Each structure stands twice: as C-alpha cells, then as structure tokens.
Amino acid sequence: MDRSNAPPGFATRAIHLGYDPAGAEGALTPPIYMTSTYAFESAEAGGEMVAGTRAGYVYGRTRNPTQTLLEQRMASLEGTEAALALASGMGAITATAWSLVEAGDRIVIDHTLYGSTYAFFTRGLARFGVEIAVADLADPAAAASAIRPGTRMVYLETPANPNLRVIDIAAVAAPARAAGATVVVDNTFATPALQRPAEHGADLVVHSATKYLGGHGDLLGGIVAGRAETIARIRGSGLRWMTGATLSPLNAFLILRGLKTLELRMERHSATAARLAALLAGHGAVARVAFPGLASGAAADVVARQMSAPGGLVACELAGGLAAGLRFMNALRLVTRAVSLGDAETLVQHPASMTHASYPPEERARHGITDGLVRFSVGLETPEDILADVARALDAAA
Ligand code: 4LM
C-alpha cells in the first residue's frame, strides 16, 4: 500500500504529532517540563510576552510545553484548530461556560448529563442570572423549539451518561447555527477514536480526560477543543482568572501516553462491551439493556452516521429492580464497584445513588435515569472472564 502522499492516520498522529526526538536529546518520549515559571531573556522580552506581542511561555497556570503537545494532539484527533488542557473534566466544562456566557443569556442543555455537569448548569450558573432551559435534544423537534434566537449555548453529551441515549449532533447544530448559539458536545464516552463531533457541526468538544484519554484510572484531566480564537478566550479568562483549573505537566505526560493506545483500546472496549450487551439482553434476570450497538430505529441511524464503534459503556436494568441491581453488584468478584469509566479495569456503579445523586429524584425519574439502572464501564481484561463474572452474579441475584 502506497501511503507516501496520504496524511498520517489517527493512531500515527496520536503517537507522533508535534514531537521530534531530535529537539530533546533524542529522547523517544517527550520530556515533562515540571516548572511553574519561565526565565525571561530580558525585562523587555518578559513585558512583551505578557502583552502577547512576543511568543513564549510566561507562567504555568496557562501554558506549559508538555500541555502544549497534548493540546496539539487533541486538536488534531478531534479535527479542530486548537485545544486546551485543564485539571479535570469539570474544569474544562466550567472554564468554557464562564468564558462564553454572561448574565441574561439563555443556555439549552440536554436533560441527561453527568450529575455534576447537570448540577453546575441548573444549580451553579443559574444563580448568576443565566437562564437554563432543559430539553430532550434527542428529539429534533424539541431541540428546534428549545433553541430559539438569543440562545447563547447548547450543551449535550452523546452517548449520554448514564443511560447511553444518542443525540444527532447535526440535527442540533442546524437550529443552533440559525440562532447564533455555540454547540458544546461532551465526547467523553466515545472519544475522537469513535466520534468527532466537530465533523457534525459542534463548535466545541469537551472531555473528561480522566476517562478513556488517560485510560488507566490514575489521573484527572480535561480538554476543550474548537476554533483557535475561542480556545484562546477560554485560556485567557476561564482558565487564567476564573477557575485556575490547570492540568499538571505530569498528568499531561500521562494523558499523552494514554493517547498512544487510544484507538486500540477503544476497539477492544467496544468489542467486549458488545459481547456483554448481548449476554445481558439474553438473560432472563435483565429487563432492559442500553448500548449504542443495540440501538434501533432512528437512534440506530444516528449511531451509524456518527460513531465508528459503540464504545465501552453498557447500562441495564434488572427485572427485580433496585433490590436485584444492588444484589447483583454485590455478587460481582472480578468487576469492581466504582464510579468513573474508561479504565483497564471493568467497573460497575449505580447512577441513582452515585454519579447522578446530584439530580433531584423527580428529575431523574422524568429523564429515564431509573433507580434500577446499573452502569458498566467494560475494561480490557480477558473478555471471557468479564462475561463469566457477570453471568454468575446475574444468576446469584435473580
Ligand atoms: C462518572 N464522570 O460518570 P471529571 N463529562 C462526563 C463525565 O462522565 C464526567 C465528567 C464530564 C464520572 C465521574 C465519577 C461525560 C465524569 C467530569 O471527573 O471532572 O474529570 O469529569 O463516573
């Protein structure tokens, strides 16, 4: 195969983009710049760098060379002009909103979001004179009527946490563009290896890098990617003087290490998750399974258009409801009871009492985040061992 004129592929960019060992004593892996500040070659040069008329690093809260490499790679993988690395997913989401929204603005959010994100919009930003409209953005008609002229921002996750609803990004982006609203898509569950929201009309893509991007359950981090001018604004205000949510250089290095295997890991997570979803769907103790790979009707068309594989999250509800779900979780031996996702270890958690406990119970019920729902993050262990543990625990809980 002659690829001499082809642009480098996803995995090649995830491993090589932006780094030449020749510039770092031949070191194969990029150095970690553990520094809080930078020496100015002269007083005048320092003043010019602070003023932005001369390129260079000034202070570690807003820029660091290890972060810069991570930001370049994430921008390339998401297909955006620029990206910004932050201390956590919540750091990325809050720095973005604080930078782009002001009192009097209207934000439309999807009704199914990670619990702390939902709390930030409905109980945090709402205290500062921002109108928060909660809508079902999976329904294009509901999206079009909620996103009216004057809407500043539209915020969604797809697949959504925890019940894996999928949202047609292009169907939301069309009315948002007409209204002049910025579309922000949380791509944590799919990652750019499986879905690139900017290709479907999203203006900004946010991530909890704590999850699949890092991939090993050993750090917290966040990313926001989009147009260079918008990212510069979020760096210059949301990160610099509104949150100070700076990613440490060590964590930037660890996320760069995680990115090298992202495509490979997402293939394995997706393949094992598909096998787990099939096992659950065929088991008498299970009432309902949510998994993008099992979507039907219009949702299946959205998955086919937007995602190259279904991802590693699976949710289910046991026929015996909440009590059976808790019995099932306690009967697991290999699968670990823990919140978070995207790690090598298979994790299981109970959204109503854990990741989505910050939703008022009646809103959880209205939005289909049921008390009996159990969420798996399927890991990288030998697939047969994961399936055997789940099958045995289902039999024990039935
Ligand atoms: C969890 N999630 O679900 P930091 N966006 C999405 C998320 O799932 C999360 C965040 C942002 C879980 C954490 C306990 C779609 C987090 C927030 O945790 O701030 O990096 O990301 O289990």
Side-chain angles (χ1 to χ4, degrees), residues 70 74 78 84-98 109-122 124 137 155-167 169 184-192 194-195 197 202 204-225 238-239 243-248 251-252 254-255 258 269 290 292 307 311-315 329 335-343 345-359 364 367 369 373-379:
L70 171 61
M74 279 308 301
E78 284 290 2
L84 173 64
L86 298 101
S88 66
M90 288 313 299
I93 294 161
T94 55
T96 298
W98 289 128
I109 62 170
D110 183 55
H111 64 52
T112 305
L113 299 176
Y114 168 56
S116 295
T117 307
Y118 188 80
F120 168 63
F121 284 114
T122 57
L137 296 181
Y155 190 96
L156 63 98
E157 298 172 359
T158 183
N161 190 355
N163 54 16
L164 306 167
R165 278 165 72 248
V166 292
I167 296 178
I169 298 167
V184 184
V185 174
D186 186 326
N187 200 29
T188 298
F189 275 26
T191 83
L194 308 185
Q195 169 179 277
L204 290 170
V205 183
V206 296
H207 281 278
S208 170
T210 314
K211 317 297 195 256
Y212 290 110
L213 303 182
H216 295 77
D218 51 9
L219 59 89
L220 278 95
I223 297 287
V224 51
L239 171 61
T243 66
T246 303
L247 182 72
S248 87
N251 283 358
L254 289 171
I255 298 167
H269 285 299
M307 301 181 74
L313 275 295
V314 181
M329 285 177 60
V335 176
T336 305
R337 290 171 291 277
V339 298
S340 205
L341 58 111
D343 301 336
E345 296 79 3
T346 299
L347 307 180
V348 69
Q349 66 107 10
H350 176 234
S353 67
M354 297 174 187
T355 53
H356 291 68
S358 50
Y359 268 69
R364 254 199 326 266
H367 304 326
I369 305 167
L373 200 70
V374 171
R375 188 194 77 187
F376 297 90
S377 168
V378 178

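Read the numbers this way: they start at 1 and go in the same order the structure lists the ligands and their atoms. Numbers here are sequence positions counted from 1. Bear in mind the structure is a predicted one, so any value in this text is a computation, not a measurement.
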Measure the distance from [atom] to every protein heavy atom, then report the residue, atom name and distance (to 0.1 Å) of the closest one.
atom: atom 19 (O) of ligand 1; answer: Met90 N, 2.9 Å
atom: atom 8 (O) of ligand 1; answer: Asn161 ND2, 2.9 Å
atom: atom 13 (C) of ligand 1; answer: Lys211 NZ, 3.3 Å
atom: atom 17 (C) of ligand 1; answer: Tyr114 CE2, 3.6 Å
atom: atom 20 (O) of ligand 1; answer: Thr210 OG1, 2.6 Å

Under 3.5 Å donor-acceptor, [X] side chain and [Y] backbone:
X: Ser358; Y: Ala119; value: no
X: His269; Y: Val378; value: yes
X: Thr188; Y: Ser208; value: yes
X: His216; Y: Gly214; value: yes
X: Thr336; Y: Ala338; value: no
X: His356; Y: Leu113; value: yes

Is the shortest N/O to N/O distance between [X] and ligand 1 below 3.5 Å?
X: Asp186; value: yes
X: Ser208; value: yes
X: Thr117; value: no
X: Leu341; value: no
X: Ser340; value: yes
X: Gly89; value: yes

Test side chain to side chain contact (heavy atoms under 4.5 Å, CB included) on Glu78 and Gln195; report intermediate values, then the result. CA-CA 8 Å; Glu78 284 290 2; Gln195 169 179 277; over 6 Å; no

Proximity to ligand 1 by part of [X], non-hydrogen separation under 4.0 Å:
X: Gln349; value: neither
X: Arg375; value: side chain
X: Met354; value: neither

Mark up the atoms of ligand 1 that fall under 4.0 Å of a heavy atom belonging to [X], in ascending order.
X: Val339; result: 14 (C), 22 (O)
X: Gly221; result: 20 (O)
X: Glu157; result: 15 (C)
X: Thr355; result: 1 (C), 3 (O), 22 (O)

Nearest-0.5 Å distance that lies between atom CZ in Arg364 and atom OG in Ser353: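 The OG atom of Ser353 is 8.5 Å from CZ of Arg364, to the nearest 0.5 Å.
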
Matching residue for Val206 among Leu86, Thr96, Leu84 - test: side-chain contact (heavy atoms from CB on, under 4.5 Å):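 Of all the options given, the one that passes is Thr96.
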
In terms of side-chain geometry, is the basic nitrogen of Lys211 or Asp343 positioned less than 4.0 Å from the acidic oxygen of its partner?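 No, no charged N to carboxylate O under 4.0 Å.
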
Any chance the side chains of Arg375 and Asn161 put a donor and an acceptor closer than 3.5 Å?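 Arg375 vs Asn161: donor-acceptor pair found between side chains.
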
